[in-house]
Amino acid sequence: MLSPEILAKYQPVIGLEVHVQLLTESKAFCGCINQYGGEPNTHVCPTCLGLPGALPVLNRKAVEFAVLAAKAINCEIRETSIFSRKNYFYPDSPKGYQISQFDKPIAEHGWIEVPAFDAAGAAITKRVGVTRLHMEEDAGKSVHDGFADSVSKTYIDLNRCGTPLVEIVSEPDLRTADEVFEYLTKLKEILLYTGVSDCNMEEGSLRCDANVSVMLKGAKQFGTKAEVKNVNSFRYIRAAVEYEIERQIGVIEEGGRVVQESRLWNNAEGRTYSMRSKEQAHDYRYFPEPDLPPLVVGAEWQAEILKEMPELPEARRARMIAEYEISAQDAATLTATRAFADKFETAAKKAKSPKRVAALLTSELTMRLRLAGLELEQSPVSMDGVVMAADLAESGELSSKMLKQLLDISFEKNEDFPVVYEREKPQQISDAGAIEKMIDEVIAGNPKQVEQYRCGKKTVAAFFVGQVMRLSKGQANPALLNELVVKKLDS
Ligand code: ADP
Ligand code: ZN
Ligand code: MG
């Protein structure tokens, strides 16, 4: 462990390379199904096996997803991009090269905004540059029997060969492990909204390499970077970057030099290891792929693709806060996924008070789902049930205590809210005399509102209805109550 004083002398610099598998039905350059898993070596054909004479044909949907993803992270689309061969030998890449893009990628010059802190510790929004987004294909998988020095057999599964990918390369703009975490979180959120990938890290749909270097604060030149490869969760990437920063500072403090290399994160030990240095002397001998023509994405096609662009999370949050007068925190919860936000907005449009629907969803419902270990899709309370509950609470027909009790019953008995409400709802008072007495009481206690009503602000009637409803513990017959309140106020 290095002292805070020593750590404070250095400025870490981090840039990320993120590989994202696209959710196309077929692979990038052949008609094979693009699907995770499957019996090994069954989702293959001469093209993705790299057999002599087989020719690639570019998947149109992969291009459309790449453009959508690129625009969502503010990139410019290059009208004519070029596919290149990246040559290297590896057992799970039977062609001996990967089709990728090199000097003319499909998109460049983007950015992603991430929450960060400035030097004084104030919360800021930081714009992290995206150097490029390019298209390429995935390799197959080597499955090892045993680990490290004790690998006894290695199996090759080529099902993944030719899966369409985009690689998103950031500028070296990140400065802390937390910023790395936030950048990845935002990127994933945006990609999920666009629907181009499921970003499932366990299945390798989203993979990240982190380039890390350190320099003395105020130095003019970045230090030598090391690349930490293929860590499979954002939390581990944060830990790996943190570790790597300290390791490099330690090396320099001891008078050594950081070497440019690839390193592997070992999660069990919480440290990175150098991969053999032979593997770093890369010379990929890129050259234009002779079997594919230049890719042209003209203005018309671009416009067509952009019709599929959804409202992105940040914009949606801002709009929802304004439109439904909900808090920033509720908006953040409700937009966690596009599906959740869609559900909320459909419900909000049907309900008397969107604000109340938001509150119900983000607190009472979310809490009960979490306790029951259920997803929103599995909720016993349907969205129509949520609307009904919110409306009853809004009109005062259900006290918050009663509402909670009914929701508890819904979850206990796995019954939708309307069913529970019909059975358990409070007895109704339909005696006009009793209701009038309560109205009188409320009118006497709220002279200011009475004054407002009599000056023409008729909407204040709802206030009295709500107050009486509360007083009656939700038992006053709502139709009768409405009628009597207006009659009393007008008299
Ligand atoms: P290479 O030529 O080694 O592939 P690139 O310049 O293409 O390196 O950058 C690859 C990634 O490394 C990018 O995400 C970039 O932001 C990042 N990067 C480049 N230089 C540094 C550095 N000195 N420290 C940290 N990250 C860096
Ligand atoms: Zn194939
Ligand atoms: Mg590079």
Side-chain angles (χ1 to χ4, degrees), residues 10-19 24-35 38 41-51 53-59 62 73 86 88 93-95 99-103 105 108-112 128-134 136-140 157-164 167-177 179-180 183-184 187 207-216 219-229 237 240-241 244-245 247-249 252 257-263 279-284 286 291:
Y10 291 88
Q11 177 60 67
V13 171
I14 308 129
L16 301 179
E17 294 164 289
V18 177
H19 287 89
T24 54
E25 279 169 29
S26 55
K27 291 186 181 179
F29 302 111
C30 63
C32 289
I33 186 169
N34 172 28
Q35 191 180 69
N41 301 308
T42 54
H43 303 163
V44 291
C45 72
T47 299
C48 56
L49 288 175
L51 300 187
L55 291 172
V57 177
L58 180 58
N59 182 337
I73 53 174
K86 182 180 181 180
Y88 63 93
S93 176
K95 289 203 296 285
I99 302 179
S100 181
Q101 293 188 311
F102 184 51
D103 53 347
E108 291 172 302
H109 311 309
W111 43 265
I112 297 175
V128 178
V130 171
T131 315
R132 55 191 272 147
L133 175 150
H134 67 251
E136 58 186 30
E137 59 177 337
D138 214 340
D157 176 6
L158 298 177
N159 282 352
R160 201 176 70 176
C161 271
T163 296
E167 178 175 340
I168 299 163
V169 182
S170 89
E171 290 288 301
D173 285 349
L174 298 156
R175 292 291 173 268
T176 66
E179 287 183 11
V180 167
Y183 170 90
L184 289 169
L187 175 61
R207 312 197 289 271
C208 175
D209 301 336
N211 299 273
V212 181
S213 69
V214 299
M215 60 180 173
L216 280 171
K220 293 263 174 325
Q221 244 191 333
F222 289 164
T224 303
K225 67 177 159 52
E227 182 188 32
V228 185
K229 297 203 80 91
I237 291 168
V241 168
E244 190 55 25
I245 290 169
R247 185 192 68 83
Q248 293 183 10
I249 293 174
I252 296 170
R257 283 174 53 186
V258 175
V259 283
Q260 178 145 356
E261 61 181 351
S262 295
R263 298 180 68 89
E279 294 192 29
Q280 292 121 42
H282 281 317
D283 182 354
Y284 294 121
Y286 279 101
D291 292 339

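Counting convention: from 1, in listed order, for ligands and their atoms alike.
- Listed for the Lys27 side chain is no donor-acceptor partner under 3.5 Å among the backbone atoms of Val44.
- Backbone and side-chain nitrogen or oxygen atoms of Asn211 are examined, and one is located within less than 3.5 angstrom of a nitrogen or oxygen of ligand 1.
- Within the 3.5 Å criterion, the main-chain N or O of Gly129 finds a donor-acceptor partner in the side chain of Asp173.
- Considering each of Lys225, Met215, Gln248, Glu167, the one bringing a non-hydrogen atom nearest atom 20 (N) of ligand 1 is Lys225.
- The closest donor-acceptor contact from the side chain of Arg132 to the backbone of Phe102 lies under 3.5 Å.
- Partners of Ala62 under the side chain to side chain contact (heavy atoms under 4.5 Å, CB included) rule, at least two apart in sequence or in another chain, are Leu22, Thr24, Asn59, Met135, Pro164.
- The Val13 neighbourhood of ligand 1 comprises atoms 24 (N), 25 (C), with distances under 4.0 Å to a heavy atom of that residue.
- Residue Pro172 places at least one N or O, backbone or side chain, under 3.5 Å from an N or O of ligand 1.
- Near Gly223, meaning under 4.0 Å from any of its heavy atoms, are these atoms of ligand 1: 23 (N).
- No donor-acceptor pair closer than 3.5 Å links the side chain of Arg263 to the backbone N or O of Val228.
- The distance from ligand 1 to the heavy atoms of Glu171 drops below 4.0 Å at these ligand atoms: 16 (O).
- The main-chain N or O of Leu16 is found under 3.5 Å from a side-chain atom of Ser170 such that the two form a donor-acceptor pair.
- For ligand 1, the atoms sitting less than 4.0 Å from at least one non-hydrogen atom of Val169 are 13 (C), 14 (O), numbered in the order shown with element in parentheses.
- Partners of Tyr10 by ring-ring contact (aromatic ring centres under 6.0 Å, His included), not counting sequence neighbours: none found.
- At least one donor-acceptor pair under 3.5 Å links the side chain of Asp157 to the backbone N or O of Asn41.
- Among residues two or more places apart in sequence or in another chain, the salt bridge (charged side-chain N to carboxylate O under 4.0 Å, His left out) test is passed with Lys95 by Glu137.
- Neighbouring protein atoms of the Zn ion (ligand 2) (N, O or S, distance under 2.8 Å, waters ignored): Cys30 SG, Cys32 SG, Cys45 SG, Cys48 SG.
- Proximity of Leu16 to ligand 1, defined as any heavy-atom pair under 4.0 Å, is confined to the backbone N, CA, C and O atoms.
- In summary, of the residues considered (Glu171, Glu108, His109, Glu17), a side-chain hydrogen bond (donor to acceptor under 3.5 Å, both in side chains) with Thr131 occurs for Glu171 alone.
- Contacts between Glu227 and ligand 1, counted as non-hydrogen atom pairs separated by less than 4.0 Å, are absent for every part of the residue.
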